[in-house]
There are 2 protein chains.
Amino acid sequence: MDSAVARERVLDAAEELFYGRGIQSVGMDDIRGASGVSLKRLYQLFPAKEQLVEAYLERRDGRWRGRLAEFVDLRPAPEERLLAVFDWLEEWFGEEGFRGCAWINSYGELGATSDRVATQVRAHKKAFGDYLASLVTAAGRPAALAGPLFLLAEGAMVTAGITRSTRPAAEAREAAGLLLDSR
Amino acid sequence: MDSAVARERVLDAAEELFYGRGIQSVGMDDIRGASGVSLKRLYQLFPAKEQLVEAYLERRDGRWRGRLAEFVDLRPAPEERLLAVFDWLEEWFGEEGFRGCAWINSYGELGATSDRVATQVRAHKKAFGDYLASLVTAAGRPAALAGPLFLLAEGAMVTAGITRSTRPAAEAREAAGLLLDSR
DNA sequence: GCACCTGGAGAACGTACGTTCTCTCCCGTT
DNA sequence: AACGGGAGAGAACGTACGTTCTCCAGGTGC
C-alpha cells in the first residue's frame, strides 16, 4: 500500500474516532483496527499520538473551512453571503454523527495540557473569525459587526453540540439578521 | 477530621484540579495530595471517580448560578438586570485562573463517553437558559429574545476561554443591547 | 535458488492510574 | 494496661495504553 494512501486511511480513521469519541478515549490500537494500517507503519507516519492529533485537526481545518467557503460562494449578493454562513451551520448541525465543534471539544479536552493543540484551536478560530470579518466588510458593513456574529456562530456550535439540535443555527441566523438591520 | 469537612476539602481540590487541568489528566492520587484526604477516606466519600466528577459539576453549578443571580440582583431595573448578565460574564472572564466554561469543557472531554456527565451539562445549560428567559419576560420582552441572548453568552464563554480575553463579554453585551433595541 | 529487504501481526515493555489491601498507629473505652 | 476500631500511608493489583521489538512471510534482485 502506498504511503500516501496509508496516511489518508489513518487520518480518516483518526478523524472518525477522535471526533466521535474524544481524543483521549481512542487508543492507537483503535486507529490501527479502524484504518487497517499496522502499528509499525502508523508510527512511521506519525511518530507519536500527539502528531496524529495535530494532523487530524489540521486536515479537518482545511476541509471545514473549504466546505463553508464553497457553500457561501454559491451566493453572489454580499449580504446573503454573510447570512449563508448560518445556513451552512444548520446543514452541518444536521449531519449524521454531528457532535459539536471539533476544536471546541479538543480544547476542552487538551487545551490545558497540550500547547500545540491549544495553538491550533486558536488558529482555527482566528481563521474563521477573519473569514467572517472579510464577509462583513465585503458587504460594506462596519467591521465591528464581525465580533458579535462570530459569537453567535460559536454559541450556536456549542449549543447544537450539547443539545443535539439544529435549532441554534436558525436562532443565530435570525439574530444576525436583526443585528444587520440595526446598523 | 469531620466527614463533611473532608468532603469539602476533596471537592475544593477536585474543582481546582479538574477545572484547571481537565478531568482525565487529574488522577485520584492528585486529589489526595491536594486535599490531604487519604485515598481510603476519599473512596468512602466517593466510591468512584465518576461520582466525584458529578459532585464537582453539581456543586459548581449551584455556586456558579448563585453568583450570577447575586450579581444580577444588585440591579432593580428589569432591563438592566438582563444586561447585567454580560457584565458578570466579564468579571468572571477576568478572574485569575479562568479557563472557560467548566461544562463546555467537560462536555468536550467526556460528553461522548459518559452519559451522566452529558446529562449534567445539558441540565446546567438548560438552567442557565431558563434563567435568561425569566429575565427576558420579566423585562416585558418577547420570549423569543432569550435564545439569541443565550447564544451570545455561550459564544462569549467559549471565545473567552480559548483566547483568554475578557473582550467577548463586552462584545456580547453590546450585541445584546442592539437586539433589545431592535424589538 | 538464495540472500535481502519490506511490511504485517501481535507480543512485549514501561508507565500511569483507578481501586483495593495491608500494616501500623492512635485514641477511646473498660 | 489491654483491647478494639477507625484512620492514614502507601504498597499492591489489574488494566489500559503509548511505544517498541520480535518474528515471520513474501516479494525482489543476483
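Worth knowing before you read on, the calculation uses all heavy atoms, side chains too, and leaves out hydrogens, waters and symmetry mates. Quick note on labels: first sequence line is chain A, next is B, and so on, each numbered from 1.
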(message) Taking ring pair (Phe, Tyr, Trp, His ring centres under 6.0 Å) as the definition, give me every residue that meets it alongside Y107(B), ordered by chain and number, with sequence neighbours left out.
(response) none
(request) Kindly write out the residues that satisfy ring pair (Phe, Tyr, Trp, His ring centres under 6.0 Å) with F128(A), not counting sequence neighbours, or none if the list is empty. (result) W64(A), F150(A)
Where do N or O atoms of nucleotides 9-15 of chain C meet protein N or O atoms at under 3.5 Å, pair by pair?
none

(message) Under the salt bridge (Lys or Arg N to Asp or Glu O under 4.0 Å) definition, can you give me all pairs with a residue in residues 111-122 of chain A, not counting sequence neighbours?
(response) E54(A)-R116(A)
(request) Would you please name every residue forming a side-chain hydrogen bond (donor to acceptor under 3.5 Å, both in side chains) with E50(A), sequence neighbours left out? (result) S114(A)
Taking atom [atom2] of [N] as reference, at what distance in whole Å does atom [atom1] of [X] sit?
X	N	atom1	atom2	result
Q44(A)	dT6(C)	CD	P	10 Å
R41(B)	dT19(C)	CZ	C1'	18 Å
L52(B)	dT19(C)	CG	C1'	14 Å
Q51(A)	dT19(D)	CD	P	9 Å

According to side chain to side chain contact (heavy atoms under 4.5 Å, CB included), who are the partners of [X], at least two apart in sequence or on a separate chain?
X	result
K126(B)	D130(B)
E58(B)	Q120(B)
A112(A)	R99(B)

(request) Measure from the side-chain N and O atoms of R32(A) to the backbone N and O of G27(A), and report whether any donor-acceptor pair falls under 3.5 Å. (result) no
Return the polar atom pairs (N/O with N/O) between nucleotides 16-18 of chain D and the protein under 3.5 Å, or none.
from, atom 1, to, atom 2, distance (Å)
dG18(D), OP1, K49(A), NZ, 2.9
dG18(D), OP2, M28(A), N, 2.5

